[in-house]
Amino acid sequence: MDVRNWHSLRSILVCTSALLFSSLCCAAAAAWPAFPNVVYTDPEHTSTIGDIQFTECRVSYPGKSHFRFLDCGSLEVPENYAKPSGKKITLFVGKIKAKGKKPMEDAFVPISGGPGSAASEGYLFPGQGFDKINLNRDIYIIDQRGTGKSNKLICLDDVDKNLHAHEQNREKTKQLVGQCLEELEGDPSQYTTSVAVRDLEAVRLALGLGAWNLYGASYGTRVAQHYLRMYPESTRSVILDAVAYPQLNLGYDIAIQSQRALDDMITRCEKVESCKQAFPQLKQGITSLFEQLNENPIELKVENFGSGKPEAFTLYKTHLLMLIRMSLYAPEVMAVLPLLLHEAYANNNFSPLARSAFKTEKTMGDMLSIGMHNSVVCSEDMAFFALRDGDRQRLAGTYIGEHLLDTLLDTCAIWPTGPVDRNFKLPVESNKPVLLLSGSADPITPPEYAVKAAEKLTNSRHLIAEGMGHGLAAKGCMPTQMAKFLDAASSKELDIECLDRLEPAPFFIDFNGPTP
């Protein structure tokens, strides 16, 4: 939720170049819309589902590291549904055909998190936990408006020049947000969840499909729940992974929950003798690192993961904050975090820490749409948030501190808010089959959030994996269990004992890995 404006610059460069590349490659396929990282491989051969035409395409990951063939289509919708004759935007609609000979009629739709990430970048590629579902069901990859290939809201600014100066200057933040708004075409207020679920239903109707199955992760759970609320007859079942309950105002609690996850990681390391011996004084070391980088950012060279060439890099306090926060999402990434931190605070070896921060920064910049993020957060979270006595004191005790909250407040003081349905903040009431998934070590959506979401979901089941982080879909037996849940439209027969075999990745003691 605290995506920095400076991430957007890299997103812009990547997507702009990708769009140019795509346009050049597809000059002959003028009838097909030009999407970034999409190449139409045989545009003369088409198929039609409902009212949407598809043709085979190759979709590449933003970094071009891998690609996938699928069928690509699109749907044009009003940017503002209250002005149907006004500006139109084009939604990307991809279809991954079921591998089985007799696919089920009810399709599967994964909804991405963020807010600001795109299904075509997060869920298109293998390893997401959907392969078993794809045996019997078509998967539709639909980029939510404002993300990925669906009119991505990106801003071109000079934030790189002021990378960290604005973090000490709230007026600079407001200036950069204002610049971003001036550069956006159209109306950024029209990119809220309430509008996005109308798009999703428009796609289903255009495809001529019956009720389909939704999967939402993180912020995507908000979208899936609101779609279930607004279109219950269009919904066969729902999987909610890393759940945000509808009444939640995301933003403030991020620092609190992330500090809890960091404390848990330190405690877990102290309970493992090899980790405790290898990284003594871990908590104090982290504190000293923040103090050191706050006063004296470190200049060094890091290897670019794409080109392999060394690049000048300045490691700031905010890099450390970002790396710790993002590492806590996944146990396999967290496993190496104590080692990286210890190398820096104990051995004055900052290169591994800087290299990881550099990669994390670039990945986030490539994947997230800051404009769409702001439209959602400002309309649906900060608009409903009011500071209480003691709120800032709570934040002061966290490693993230008050910076995230102040950034959101400053951003949303300027950013336009958009449509939010009247019932948006109410619990969802439904008897549709719903499977809720939580990791006990999730640093942003803890299991108690799913408990609140399930209060009025009368046909739901909540599974918790001990020691796991943000998102369970691809972990252990979950791909099989999710496929079983969809086949039966019921969670009664799931084999949840297999979750007990899930364990967080062991800590790396040195760069050779964990102890045997």
Side-chain angles (χ1 to χ4, degrees), residues 59 61 66 68-70 94-113 117-142 212-221 223-224 235-243 329-335 432-442 445 447 450 460-505:
V59 179
Y61 193 74
H66 45 287
R68 181 166 192 167
F69 290 98
L70 65 154
K95 178 187 175 184
I96 305 173
K97 297 177 183 175
K99 299 187 185 316
K101 294 182 179 178
K102 296 181 179 179
M104 306 298 289
E105 292 183 356
D106 49 285
F108 179 75
V109 181
I111 303 170
S112 196
S117 60
S120 70
E121 296 167 0
Y123 294 137
L124 182 58
F125 304 102
Q128 306 304 316
F130 305 145
D131 289 351
K132 292 184 181 298
I133 293 173
N134 194 210
L135 293 176
N136 295 321
R137 285 178 170 81
D138 296 328
I139 297 178
Y140 282 96
I141 301 293
I142 305 164
W212 53 12
N213 307 281
L214 303 182
Y215 167 90
S218 193
Y219 159 73
T221 65
V223 183
T235 309
R236 178 175 177 268
S237 70
V238 180
I239 300 174
L240 303 175
D241 193 359
V243 186
Y329 276 61
E332 58 272 23
V333 181
M334 188 203 305
K432 296 286 183 178
V434 179
L435 182 64
L436 303 99
L437 310 176
S438 297
S440 69
D442 190 324
T445 52
S460 66
R461 189 172 185 181
H462 181 201
L463 306 183
I464 303 174
E466 292 297 326
M468 304 308 290
H470 194 65
L472 298 182
K475 306 295 184 186
C477 62
M478 281 314 304
T480 299
Q481 300 308 312
M482 291 195 302
K484 285 184 176 179
F485 170 71
L486 293 190
D487 287 345
S490 171
S491 59
K492 293 180 180 177
E493 302 300 326
L494 298 184
D495 174 22
I496 64 170
E497 291 184 0
C498 64
L499 290 178
D500 297 337
R501 295 193 288 272
L502 287 176
E503 293 183 355

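Only this structure's heavy atoms are used, side chains among them; waters, hydrogens and symmetry mates stay out.
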Visitor: Drop me the distance from Ser438's OG to Leu463's CG, to the nearest 0.5 angstrom.
Guide: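 Ser438 OG to Leu463 CG: 8.5 Å, rounded to 0.5 Å.
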
Visitor: Could you check whether any side-chain N or O of Glu466 sits under 3.5 Å from a backbone N or O of Asp500, counting only pairs where one atom can act as donor and the other as acceptor?
Guide: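 No, Glu466 side chain to Asp500 backbone: no donor-acceptor pair under 3.5 Å.
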
Visitor: For the pair Asn134 (side chain) and Lys97 (backbone), establish whether a donor and an acceptor sit closer than 3.5 Å, ignoring hydrogens and angles.
Guide: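 Yes, because the side chain of Asn134 sits within donor-acceptor range (under 3.5 Å) of the backbone of Lys97.
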
Visitor: Just so I know, are the side chains of Met468 and Pro331 near enough to count as touching, which here means a heavy-atom distance under 4.5 Å?
Guide: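 Yes, close enough: below the 4.5 Å cut-off.
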
Visitor: Can you measure from CD1 (Ile496) to CE (Met478) and round to the nearest 0.5 angstrom?
Guide: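 CE of Met478 is found 10.0 Å from CD1 of Ile496.
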
Visitor: How long is the gap from CG on Asn136 to CG on Asp106, to the nearest 0.5 Å?
Guide: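 Taking CG in Asn136 and CG in Asp106, the distance rounds to 9.5 Å.
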
Visitor: For a ring-ring contact (aromatic ring centres under 6.0 Å, His included) with Phe108, tell me which candidate from Tyr140, Phe485, Trp212, Phe130 qualifies.
Guide: Phe130

Visitor: When you compare the side chain of Leu70 with that of Lys95, does any pair of heavy atoms fall below 4.5 Å?
Guide: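 No, too far: nothing below the 4.5 Å cut-off.
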
Visitor: Contact between Leu214 and Val223 at the side-chain level, heavy atoms closer than 4.5 Å - yes or no?
Guide: no

Visitor: Less than 4.5 Å apart, any side-chain heavy atom of Leu436 and any of Arg461?
Guide: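 Side-chain contact under 4.5 Å: no.
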
Visitor: What pair of heavy atoms forms the shortest contact from Asn213 to Ser237, and how long is it?
Guide: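 Between these two residues, the closest heavy atoms are OD1-OG, 2.7 Å.
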
Visitor: With rounding to the nearest 0.5 angstrom, report the CG to CG distance, Leu435 to Asp241.
Guide: 9.0 Å

Visitor: Just wondering, do Glu332 and Lys475 contact through their side chains at under 4.5 Å, heavy atoms?
Guide: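 Side-chain contact under 4.5 Å: yes.
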
Visitor: Can you see which heavy atom on Ala119 is nearest to which on Ile142, and at what distance?
Guide: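 In this case the closest contact between Ala119 and Ile142 is CB-O, 3.7 Å.
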
Visitor: Taking the side chain as everything from C-beta on, heavy atoms only, tell me whether Ile139 gets closer than 4.5 Å to Pro110.
Guide: yes

Visitor: Going from OG on Ser460 to CG on Leu240, what distance comes out if it is rounded to the nearest 0.5 angstrom?
Guide: 9.0 Å

Visitor: Are the side chains of Arg68 and Val59 in contact, using a 4.5 Å heavy-atom criterion?
Guide: no

Visitor: Roughly how far, to the nearest 0.5 Å, is the OG atom of Ser218 from the CD1 atom of Ile111?
Guide: 12.5 Å

Visitor: Charged N to carboxylate O under 4.0 angstrom, Arg137 versus Asp487?
Guide: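 Salt bridge flag = yes for Asp487 with Arg137.
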
Visitor: Shortest non-hydrogen contact from Leu494 to Lys484?
Guide: CD2-CB, 3.9 Å

Visitor: Do the side chain of Asp138 and the main chain of Ala107 share a donor and acceptor less than 3.5 angstrom apart?
Guide: no

Visitor: Check Gln128 against Ala474 and note the closest heavy-atom contact, atom names and distance.
Guide: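 Minimum heavy-atom contact is C-CB, 3.9 Å.
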
Visitor: For the residue pair Val434 and Ile239, establish whether any side-chain heavy-atom pair is separated by less than 4.5 Å.
Guide: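 The answer is no, as the side chains (C-beta and beyond) never meet within the 4.5 Å cut-off.
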
Visitor: So which heavy atom on Ala242 is nearest to which on Thr221, and how close?
Guide: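 Reported closest heavy-atom pair: O-CG2, 3.6 Å.
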
Visitor: Write down the atom of Ala98, the atom of Leu135, and the distance for their closest heavy-atom approach.
Guide: CB-O, 4.2 Å

